[in-house]
There are 2 protein chains.
Amino acid sequence: MRRAHHPATEELSLPEVMAALSDPLRIGLVRVLADGAERGWGELWAPVAKSTLSHHLRVLRDAGVTRTRQEGTRCFVTLRRQDLDERFPGLVGALLEAAGAEDVTGGVRLAPGADSTAARR
Amino acid sequence: MRRAHHPATEELSLPEVMAALSDPLRIGLVRVLADGAERGWGELWAPVAKSTLSHHLRVLRDAGVTRTRQEGTRCFVTLRRQDLDERFPGLVGALLEAAGAEDVTGGVRLAPGADSTAARR
DNA sequence: TTCGTTGTTCGTCGAATATCGAATAAGCTA
DNA sequence: TAGCTTATTCGATATTCGACGAACAACGAA
């Protein structure tokens, strides 16, 4: 597992961020992360193969929408809300509001059984 | 030239609108239209073949971002700002602000010589 | 060291996208 | 009617994207 790349705040590209946020599944992931809590990979459930979920998380990470932290063999994902708001004020907020109104989830939800103890400890 | 389809306000899809707004050239078109003025097709210049420009305008139109009005053999394009703001409050504003700050144009600009008299008449 | 767990990466597929030039259709104009 | 202008559509390519299963790498545990 190679160390993931995270673009700096100044490197965020508007078209790239928009593209990352144009997929229902990825919008669903952002919504799940919108409360600011750090979520374990295993907590994030989507109706796709895990390689596909990994792909979508990578697209979000590469665009600078999320940050991935590794802890042993697990990783934890957060929304880079502050960075995004700094570069693109209001964009994420408007997206979340619209996605809430339309109920765009992409089938993403928090895995029922998964624990997020590491994030709380 | 077939009559173009325009989705109703209630039919606008967030992922589709986001996708339409994830291309630099299309962001540039939206910026040029952002003042609310109706622009003639010939006024919209971009560094691509006219068939490609037509394609991008179609993507925006199909997503409900712009409206095309035909007058004889010409057509005029407007931004559906009100419809978009109603469905996705703040989204277009945030996009325009961010695009302005980043100076995303996609190479789009108003054609120097082109007239927009029909729109003013 | 040998497993088991956990994400990532790879190879592949079909669908969608971006691009161009040529052909076309629709409406003016001569 | 015959041409001209204007934008769309078509056909061809090249690229990207989303999806899957399989293989892999990294780490902790037995």
Side-chain angles (χ1 to χ4, degrees), chain A residues 1-6 13 15-16 18-29 38-63 66-77 106-108 111 113-119, chain B residues 1-6 13 15-16 18-29 38-63 66-77 106-108 111 113-119:
Chain A
M1 277 191 261
R2 202 167 8 179
R3 187 64 64 223
H5 172 248
H6 293 88
S13 142
E16 199 178 343
M18 293 295 289
L21 298 177
S22 69
D23 183 281
L25 197 149
R26 291 195 293 260
I27 292 176
L29 289 169
E38 183 175 60
R39 299 292 180 181
W41 209 98
E43 281 187 280
L44 304 171
W45 186 90
V48 293
K50 68 172 181 170
S51 57
T52 302
L53 179 56
S54 181
H55 161 70
H56 284 297
L57 286 168
R58 179 196 171 94
V59 171
L60 289 172
R61 191 203 313 130
D62 287 352
T66 58
R67 188 182 305 283
T68 296
R69 178 176 65 86
Q70 229 167 320
E71 188 175 304
T73 90
R74 301 195 184 182
C75 45
F76 297 89
V77 185
V108 176
D115 76 274
S116 56
T117 40
Chain B
M1 279 189 257
R2 203 167 8 183
R3 187 63 66 223
H5 172 249
H6 293 88
S13 142
E16 199 178 340
M18 294 294 290
L21 298 177
S22 69
D23 183 283
L25 197 149
R26 293 195 290 261
I27 292 177
L29 289 169
E38 184 175 58
R39 298 293 180 180
W41 208 97
E43 281 188 280
L44 304 171
W45 186 91
V48 293
K50 68 173 182 172
S51 56
T52 302
L53 179 56
S54 181
H55 161 70
H56 284 295
L57 285 168
R58 179 196 171 95
V59 172
L60 289 173
R61 191 203 311 132
D62 287 351
T66 58
R67 188 184 303 283
T68 295
R69 178 176 67 85
Q70 229 166 323
E71 187 176 306
T73 87
R74 302 195 184 182
C75 47
F76 298 90
V77 186
V108 176
D115 76 277
S116 58
T117 41

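Numbered from 1 within each chain, the chains take letters A, B, ... in sequence-line order.
The CG atom of B:Leu60 sits 12 Å away from the P atom of D:dT8 (whole-angstrom rounding). Between the C1' atom of D:dC10 and the CZ atom of B:Arg58 lies a distance of 12 Å, rounded to the nearest Å. Atoms NE2 (A:His55) and P (C:dT6) sit 23 Å apart, rounded to a whole Å. In this structure, B:Glu16 atom CD and D:dC17 atom P are separated by 18 Å, rounded to whole Å. When rounded to the nearest whole Å, the span between CZ of A:Arg74 and P of C:dT5 equals 12 Å. Distance, A:Arg69 CZ to C:dT6 P: 16 Å, rounded to whole Å. Between the CD atom of B:Gln70 and the C1' atom of D:dT8 there is a distance of 9 Å, given to the nearest Å. In this structure, A:Leu21 places its CG atom 12 Å from P of D:dG18, rounding to the nearest Å.
For the pair B:Thr52 and C:dT19, the criterion of a side-chain N or O lying under 4.0 Å from OP1 or OP2 is not met. A sub-4.0 Å separation between OP1 or OP2 of D:dA7 and a side-chain N or O of B:Arg61 is absent. The phosphate of C:dT5 has neither OP1 nor OP2 within less than 4.0 Å of any side-chain N or O from A:Trp41. Applying the 4.0 Å criterion to OP1 and OP2 of C:dA18, one finds that B:Arg26 has a side-chain N or O inside that range. For A:His56 and D:dA19, the shortest distance from a side-chain N or O to OP1 or OP2 is below 4.0 Å.
Of the two residues near DNA chain D, A:Asp23 and A:Lys50, the one whose nearest nucleotide lies more 5' is A:Asp23.
Among the nucleotides C:dT8, C:dA26, D:dA7, the one closest to the side chain of A:Ser54 is C:dT8. When distances run from any side-chain atom of B:Ser51 to the nucleotides D:dA7, C:dG21, C:dA26, the shortest one goes to C:dG21. Listed nucleotides D:dA7, C:dC20, D:dC20 differ in distance to A:Ala49; the shortest reach to its side chain belongs to D:dC20.
When all heavy atoms of A:Leu53 and A:Leu44 are compared, the pair lying nearest together is CD2-O, 3.4 Å. Residues A:Val108 and A:Ala46 approach most closely at CG2-CB, 4.0 Å, considering heavy atoms. The two atoms that bring B:Gly106 and B:Pro47 nearest to each other are O-CD, 3.6 Å, heavy atoms only.
Counting only distance, with no hydrogens or angles, the side chain of B:Arg58 and the backbone of B:Ala4 share no donor-acceptor pair below 3.5 Å.
For the atom pair B:Thr66 OG1 and B:Arg39 CZ, the distance stands at 14.5 Å (nearest 0.5 Å).
A:Val59 comes within 4.0 angstrom of no nucleic acid atom, judged by non-hydrogen atoms across all strands.
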